[in-house]
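Just so it is clear, the values below take in all heavy atoms, side chains as well, and ignore hydrogens, waters and symmetry mates. A, B, ... follow the sequence lines: proteins, then strands. Residue 1 opens every chain.
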Amino acid sequence: MRYLPVTDQERKEMLEKIGINSVDELFSPIPEKVLLKNQLNLPTAMSEMELDSLMSELAEMNTGSKMSNFQGGGCYAHYAPAAIDQMLLRSEFYTAYTPYQPEISQGTLQSIFEFQTMISKLMKMDVTNASMYDGATAAAEAVIMASKINGKRKKAVIAGTVHPHYIKTIRTYAANIIEEIEILDIDATTGTIKESELSKIDENTICVLFQYPNYFGSMENVFKISEIAKANKALVIAAVTEMTMLGAMIAPGDFGADIAIGEAQSLGLAPNFGGPGLGTFSAAEKHIRKMPGRLVGKTVDKKGKECFVLTLAAREQHIKREKATSNICSNQGLMTLAVGMYLSIMGKNGLKDVALMNLKRKEYMLNKIVAETKAVKAFSASSYNEFTILLPQNAKQVADKMAEKGILAGISLSKYFPELNNALTVTVTELNSYEEIDSYVKTLAEIIGG
Amino acid sequence: MRYLPVTDQERKEMLEKIGINSVDELFSPIPEKVLLKNQLNLPTAMSEMELDSLMSELAEMNTGSKMSNFQGGGCYAHYAPAAIDQMLLRSEFYTAYTPYQPEISQGTLQSIFEFQTMISKLMKMDVTNASMYDGATAAAEAVIMASKINGKRKKAVIAGTVHPHYIKTIRTYAANIIEEIEILDIDATTGTIKESELSKIDENTICVLFQYPNYFGSMENVFKISEIAKANKALVIAAVTEMTMLGAMIAPGDFGADIAIGEAQSLGLAPNFGGPGLGTFSAAEKHIRKMPGRLVGKTVDKKGKECFVLTLAAREQHIKREKATSNICSNQGLMTLAVGMYLSIMGKNGLKDVALMNLKRKEYMLNKIVAETKAVKAFSASSYNEFTILLPQNAKQVADKMAEKGILAGISLSKYFPELNNALTVTVTELNSYEEIDSYVKTLAEIIGG
Amino acid sequence: MRYPGIKDLKLAEGSIYDRSKPGRKGYSLPLENLENAENLIPEEMRRKELDLPEVSELDAVRHYTRLSTYNFGLDGGFYPLGSCTMKYNPKINEKVARLKGFTNLHPETPEKYAQGTLKLMYELQNMLAEIGGFAGTTLNPAAGAHGEYTGIGIIKAYHESRKDFKRTKVIIPDSAHGTNPASCAMHGYDVVVLKSNEKGKVCLSALKELLNDEIAAMMLTNPNTLGVFESEICEITKLVHDAGALVYGDGANMNAILGVARPGDMGIDVLHYNLHKTFSTPHGGGGPGSGPVCVVEKLTKFLPNPVVVKNGENYIFNENNESMGMVRSFYGNVGVCLKAYTYIREMGKEHIREIAENAVLNANYIKASLSDIYNVEYPEGTLHETVFDDSKMPNDVTTLDIAKALIDRGYHPPTIYFPLIVHGAIMVEPTENESKDDIDAFIFAMREIYEKSINDPENIKNAPLVTSVSRPDETTAARKPILTQCTTCIS
Amino acid sequence: MRYPGIKDLKLAEGSIYDRSKPGRKGYSLPLENLENAENLIPEEMRRKELDLPEVSELDAVRHYTRLSTYNFGLDGGFYPLGSCTMKYNPKINEKVARLKGFTNLHPETPEKYAQGTLKLMYELQNMLAEIGGFAGTTLNPAAGAHGEYTGIGIIKAYHESRKDFKRTKVIIPDSAHGTNPASCAMHGYDVVVLKSNEKGKVCLSALKELLNDEIAAMMLTNPNTLGVFESEICEITKLVHDAGALVYGDGANMNAILGVARPGDMGIDVLHYNLHKTFSTPHGGGGPGSGPVCVVEKLTKFLPNPVVVKNGENYIFNENNESMGMVRSFYGNVGVCLKAYTYIREMGKEHIREIAENAVLNANYIKASLSDIYNVEYPEGTLHETVFDDSKMPNDVTTLDIAKALIDRGYHPPTIYFPLIVHGAIMVEPTENESKDDIDAFIFAMREIYEKSINDPENIKNAPLVTSVSRPDETTAARKPILTQCTTCIS
Ligand SMILES: Cc1ncc(COP(=O)(O)O)c(C=O)c1O
Ligand SMILES: Cc1ncc(COP(=O)(O)O)c(C=O)c1O
């Protein structure tokens, strides 16, 4: 077996040194009755070339991967420059562990430090940690963190327009920690939370969490929400699931977020069927010691040379155990590297251009759909590269028909919003060419009428 | 433009330092009348994502790349472990130049030294150079080298069963250097050179070059040829175009080759439409100073540390200019690295297994074709993974029909051997599964009758 | 002004912001007139500045290429980091996981058009269940700790489904990894610490004393973090079950018993794997990992949503009403799962046991070769890793010194100061991928460090000597944290 | 016994044979019973032994990963190797060239099933012809020297087609690259050396004297190897043509004039490109390169066989009876051509000229910044590279010392001791990809070397000081060459 270098001869010598006769003896601490007598019921071993074919076949079975894709909803297909993946293949990065030994981990440490910097700048927040598993767990941990800051309060307020997976994950995480989760109702006209619902933010409110822009692609009234939250001393938590937007639009820090979390998948990571993505976690400086996750800091070594280390570990599980700010240990390390590379390569102008290009194509598509099909704009508010339309019939059925024509038309909202049975959320990125958009609209018109 | 980092501001500063006002002034040495007034007539610039799609489309247009492939003829599809390509992407290797500065090129130098070693062992020859462009130019240079060793003789003898491209290349290279090229005739029964032709080897013969096994897959009587050549003091040059064979069969050194050249593409390199491949060049030690190409040698540095350098450069063009052993400068560097990796990973047992697997599948296929179709064995001699069959009709037409069924059936010999109009040379490697072979035979039977 | 300087082939590199120049470009986008696009954004929502670097593609490539050379990776050398199972990351895994058919697949794609990945996930669920001896699997968790969180959540859902709300505590041995108590705390559980006995193992009588109807579960790592197998595992699980609680298995050390024995057969009810340990997926400098959780039959309905099931010839997602809920968006780190799947298929039933055999052989060989000079506090029943300590070191040489001296000798240090129950622990896990020669060289280095500790202790105490960074000041780093680059400062 | 040792992060590594152990495996092949397969080989043809290493995949990966760290690559740092145009190798090129549709394509595949690659080759032929101002192109040559060989062969075929057999000589300036005369010699031509004038250029009157009806061609590099443009190029080509000879252009320096001027417009008849210089394909530590040759209309029929032509909507190979013949197997280093094609398509007509502009700007900036202390023998008309020398160096510091001192400072040295007409030449070609900051740092290093040569010359003469290898003994290497590893010796 090519990964097992010990030869029979060497095994003999090693057993001799140990002072036993067979490898089986090494397993004598295991009770006889649980020792396996037979091979496991697994497929038979495969050679590399057979594996290579097998995996190619499986990949080919994913016919959706080649279809025209207008799905978003927390996972976005953007173009990632080829340089990124080639640098990710540098084994010094991907075959290393968490940078516990700073002397031989400065590459990882510095790259995380720069990631922390770039995400902080992008979010306009003071500090950012070394990553969370994904946007949903980042959101959940943000709520938990807020509950530790606002220790006496009982209620976390969450906008009903937040990604349903995020809400569900928050519910799971909050279950035994926070007394009440209050979900703010959706305004069916604007596609944002009802203004009247904001009165539910009160002096018992731990935090208000909303998505920017929200799950339907609509822009909440971020200033208003923030203002009311602050008036009630509730923490403002903004969740950004489509971070390329920040190339052209104001950042959570601009509207006073205390904590900003994100799903950074759209910054250079492939959809990968939903993972690995990258949860980002940023906060105001004063909350650092309550933050979950790892942090890299700058320091000097014993000769005064500037360098980087993992720091503020006293918050973490390996030191604080059950009193830690979180249980997180391994996070999404390599993804922070990829995102750092993406942000370096795109830079301030590239990210802005991507954002504007997305916006412009969204606008073109939305207008065209409204003009040339029987679909109408579902909500008055729409902001970036995602929008929701109302179809004259069940959205899932229409999407299924579109799929048969090779187009993944969007996300039908029926699953999580039964009242929005005919609503379809559509996403456009720079990967969707104008021809592709035109052909979408044409196909849609054929199905639902033009 | 992302590859051009100088900003407008920097350009201004640089022009100032130079003491001019515009970049155009730098081109003033060029006569006005040849300065281009307009843009070149080239396609318009493309972004990376557009390029990515364009190239994918072109790749998809190569429908042959996905077909069942039984073509060989000097270029062989074998499986290359994934580790190779990932290590080739290490930029320290592929973005480096020829190792002129040994202090910062030990990686390249040692890898070439090990390549020289492994090829020498494989060929059982004393020394091997750092590569030639391909097998054909290696063959041509071998003949030229022989003519310098056997300075007074006039005639190079080449087996007619050598790859036609090699013969043509030799003819080009020898044109103004060697008086006569004698091509030995083919025996239509054995598929090797006619025994009677060997009498053309005489005291005026510089060298005898033959392919092992030959272009039809047949094994020449290597001992006999070698014996006669040696009796006439002509140099024996063996050409190996399918080097995996050497995992199980004797090496040129075993039958007394003075020079052994090879096309090492089959040792881990993809077909790549015929290039880049890798020419190897090995010889007896006494001929070193007549060898073309670069050589890496082991030495010590000023502190006595073992290290590697380019050596015996006094043979080469940059020193000897028109008196050099060859004009070769850049060669196939990175391919020697890939082949070194392949040979390291396969090792002595892996290469033998590959060879035997090829041989066994060839045998299976040949027998099956003969048993189940109207095709017959063209020649009595067949040796490794290639064989020639005679069809009841024009081979090219049959191959065309097979291709329509998705099978690249082999190489029809009509192009270079008009007398062998109905002959088809078929190659089998470990990449051709038994099911694939069965389906080939079935399809062939359908076309030519079973 | 400074030229980069060179330490052998390691070129100096500053911050990516140091390479930035206004107007420099590293990106390439289709030509499109974006002039008025900003007008589509309401004035007050338009971004006024964005402090990201402006570099060329080559700048970025040089930056990250140089940074990489400041790292020690497993492909470079021996990485015996205990508990982390730093095994070789096969290159075929990296290749196939990059196939566009996998990477381009959007998670909301209708199942019908995602059958390749769904089939793979389904089969991986089953293979992991078979390897551990369980009935059901979720691939959702993103890492080991996330798996613990999920597994404990399943246990909680189980108790709650039985309306048993009294169970508010989880028993955890003092040798456990910090994530174990932390994961329990995140569910609101109180942690009851079980002291290990003189053999570093669970003491049955001590356990018995802690068990009562307030205990929801016991968490256990087996072999434990000392690399020692809990021989009384069947008795332990029986005791816990008898008390109405469940047993959670931390599968971080599964590499020790692959194909040899199965946690499910020992009475473990819930187990998480670390695919990034046992199943060869890269650690990536701290992730992404994957921490699938397997459960016994009665717990399958509590698995987080969704799970992949087979419906006739098709693979589809299934949601369960009694599920503990969702633990993240979508379905897990699928890109990581792909690599583990590839690895298991390569090993197959024929070779999977050899992994454990070789891992355990290597660890025991190291123990046998070094225990004369390095103390092993708990020497009995070692499987895949062995924990030394610095108690017999001369001249006050500490574990930290030994670790740093190993760097000078070309090794990534072992895990140090963990588990906490061994003072000055040095936890060596060689994995099955290292050859005897490489292990012998490591043993030689360890012995040489010991000798130098006698004859030239300063050499060890000042280590590492050859790296350009040595012993960073961690105290100041924590006291006055600098967590982002000041991009307006002059450097 | 030795542990690897470490010099910062550079781990020591012996020969791959040192890692070998009988029976160890690094390969993986389908299970197949091969027991009797050997019987298919006649006894006398069976191989008895094969001295290749036996290592695991990780052994091989560690070996080559470590070796890579002993190399200096362009992605690591500045590489101003004159005449070699060490420009950035874009990563998109590496990506697309690896598409299976390209790599898996067998060269004997009927054209119909290879239209993607053939279209690309056809378009690349045309684009190269347009860039150079020519009528036809062959992509067959594998490198620059191979291009020279091919181009001179075309010229020979041309003369022979005219039954002009008297022309047995080629004129080559003394500043030319060594491959120029060597390529001529391989066609049996005699070389007539043309001495450069005091400006490092072709002297028209000297040229006139050498021209006669025995001259088949003149070879010319323009800008020449001093980086200096031959301003009298039109007069030169006219003189040569008037004598019945043709002009061969060595296109190694095409980077200087891309989109600015075209050799074809200057009267050059045949030109080779180095795709691995001008068109960004990697040098690969010495290849594979690609050296396409372009020709004027009257020479197209002599191009080597085959050439790709368009036939209606299809791309096919065409062979010409009057062709000079074949110069290799198949059709060239197609995998390299793919990358150059990608590069040209990315640049497009809009940016191609900017390449030359920036390359020339950078070179002139370096010249302007260093010529006060480093002598420039031929300062006039510099385009993309500039040649300094050591004639003004204090304390006998030589060009070699300067080169080695640059290594200590983190740079790949420039080309040294070439061209031969400059004693102690230091040939600096920055390319267009370097930023002003990086160039300024290089200038600073060069100036510092000069100062140190005054104040501390030993520091420079002993350079490099920081590499683990310094100034290998090349004399012994050549006197007693060791060209293969002794695998039976004990190391
Ligand atoms: C015993 C043990 N449990 C749990 C974990 C946590 O795993 P992860 O880092 O994947 O969250 C680790 C990781 O080191 C471990 O060693
Ligand atoms: C001026 C010049 N001509 C020709 C060549 C030969 O090119 P190649 O190495 O590609 O054969 C070179 C290479 O350095 C060169 O600089």
- Asp265(C) side chain vs Val34(A) backbone, donor-acceptor pair below 3.5 Å: no

- Item | Option passing side-chain contact (heavy atoms from CB on, under 4.5 Å) with Tyr3(A) (candidates Glu354(C), Met347(C), Lys87(C)) | Met347(C)

- Task: Indicate whether the side chain of Lys17(A) and that of Asn364(C) have a donor and an acceptor atom separated by less than 3.5 Å.
- Result: no

- Message: Going by the rule ring-ring contact (aromatic ring centres under 6.0 Å, His included), which residues pair with His187(C) if we only count those two or more places apart in sequence or in a different chain?
- Response: Tyr149(C)

- Name the region of Asp353(A), side chain, backbone, both or neither, that has any atom closer than 4.5 Å to a heavy atom of chain C. both

- Query: Do Asn327(A) and Thr179(C) have side-chain atoms, one donor and one acceptor, less than 3.5 Å apart?
  - Reply: no

- Sort Ile345(A) into side chain, backbone, both or neither according to what part of it lies under 4.5 angstrom from a heavy atom of chain C. both

- Which answer fits Met324(C), side chain, backbone, both or neither, if we ask what part of it has an atom under 4.5 Å from a heavy atom of chain A? both

- Heavy-atom contact with chain A under 4.5 Å, split by part of Ile16(C): both

- Message: Using 0.5 Å steps for rounding, measure from the CG atom of Leu4(A) to the CG atom of Leu361(C).
- Response: 11.0 Å

- Look only at the side chain of His106(C) and the backbone of Gly72(A), and say whether a donor-acceptor pair between them is shorter than 3.5 Å. yes

- Message: Closer than 4.0 angstrom, basic N to acidic O: yes or no for Asp134(A) and Arg328(C)?
- Response: yes

- If only atom types and distance count, is the side chain of Gln116(A) paired as donor or acceptor with the main-chain N or O of Leu483(C) below 3.5 Å? yes

- With a 4.5 Å cut-off on heavy-atom pairs, point out which of Thr98(A), Ile112(A), Ile250(A) contacts chain C the most. Ile250(A)

- Separation between CE of Met186(C) and CD of Glu322(A), rounded to the nearest 0.5 Å: 13.5 Å

- Is it the backbone or the side chain of Thr336(A) that comes under 4.5 Å from a heavy atom of chain C, or both, or neither? neither

- Establish, from distance only, whether the side-chain atoms of Thr44(A) and Glu350(C) form a donor-acceptor pair under 3.5 Å. yes

- Charged N to carboxylate O below 4.0 Å: is that the case for Asp51(C) and Lys348(A)? no

- Message: For the residue pair Arg90(A) / Asn71(C), report whether a side-chain donor-acceptor contact shorter than 3.5 Å exists.
- Response: no

- Proximity breakdown for Phe223(A) and chain C, heavy-atom pairs closer than 4.5 Å: side chain

- Can you name the ring-ring contact (aromatic ring centres under 6.0 Å, His included) partners of Phe113(A), sequence neighbours left out? Phe308(A)

- Message: Is Asp126(A) close to chain C through its backbone or its side chain, or both, or neither, when contacts mean heavy atoms under 4.5 Å?
- Response: backbone

- For Phe330(C) and His165(A), the nearest pair of non-hydrogen atoms, with its separation, is N-ND1, 3.1 Å

- For Tyr166(A), is it the side chain, the backbone, both or neither that has a heavy atom under 4.5 Å from a heavy atom of chain C? side chain

- salt bridge (Lys or Arg N to Asp or Glu O under 4.0 Å) evaluation trace for Asp473(C) with Lys302(A): CA-CA 7 Å; Asp473(C) 177 353; Lys302(A) 66 180 184 195; over 6 Å; no

- Query: Measuring heavy-atom distances to chain A, does Tyr189(C) have an atom under 4.5 Å in its side chain, in its backbone, in both, or in neither?
  - Reply: neither

- Query: Where does Thr169(A) contact chain C at under 4.5 Å (heavy atoms): side chain, backbone, both or neither?
  - Reply: both

- Task: Would you name the heavy atoms of Ala59(A) and Phe102(C) that are closest together and state the gap between them?
- Result: N-CZ, 3.6 Å

- Item | Side-chain donor/acceptor of Ser330(A) to backbone N/O of Gly289(C), under 3.5 Å | no

- Message: Ignoring hydrogens and geometry beyond distance, is a side-chain donor-acceptor pair present between Tyr113(C) and Asn62(A) at under 3.5 Å?
- Response: no

- Message: Treating Tyr27(C) as the side-chain partner and Val354(A) as the backbone partner, does any N or O pair qualify as donor plus acceptor under 3.5 Å?
- Response: no

- Ser231(C) side chain vs Pro29(A) backbone, donor-acceptor pair below 3.5 Å: yes

- Item | Short N-O contact, Lys404(C) and Glu103(A), less than 4.0 angstrom | yes

- Task: Pick whichever of Met249(A), Lys303(A), Lys33(A) has the most heavy-atom pairs under 4.5 Å with chain C.
- Result: Met249(A)

- chain C contact via Leu408(A) - which portion, at a heavy-atom distance below 4.5 Å: side chain

- Query: Any idea which heavy atoms bring Asn333(C) and Pro276(A) closest together, and the distance?
  - Reply: OD1-CA, 3.2 Å

- So which part of Lys305(A) gets closer than 4.5 Å to some heavy atom of chain C, the side chain, the backbone, both or neither? side chain

- Task: Work out which heavy atom in Pro43(A) is nearest to a heavy atom in Met127(C); give both atom names and the distance.
- Result: CD-SD, 3.8 Å

- Task: Return the minimal non-hydrogen interatomic distance between Leu29(C) and Gly350(A), and the atom names on each side.
- Result: CD1-O, 4.0 Å

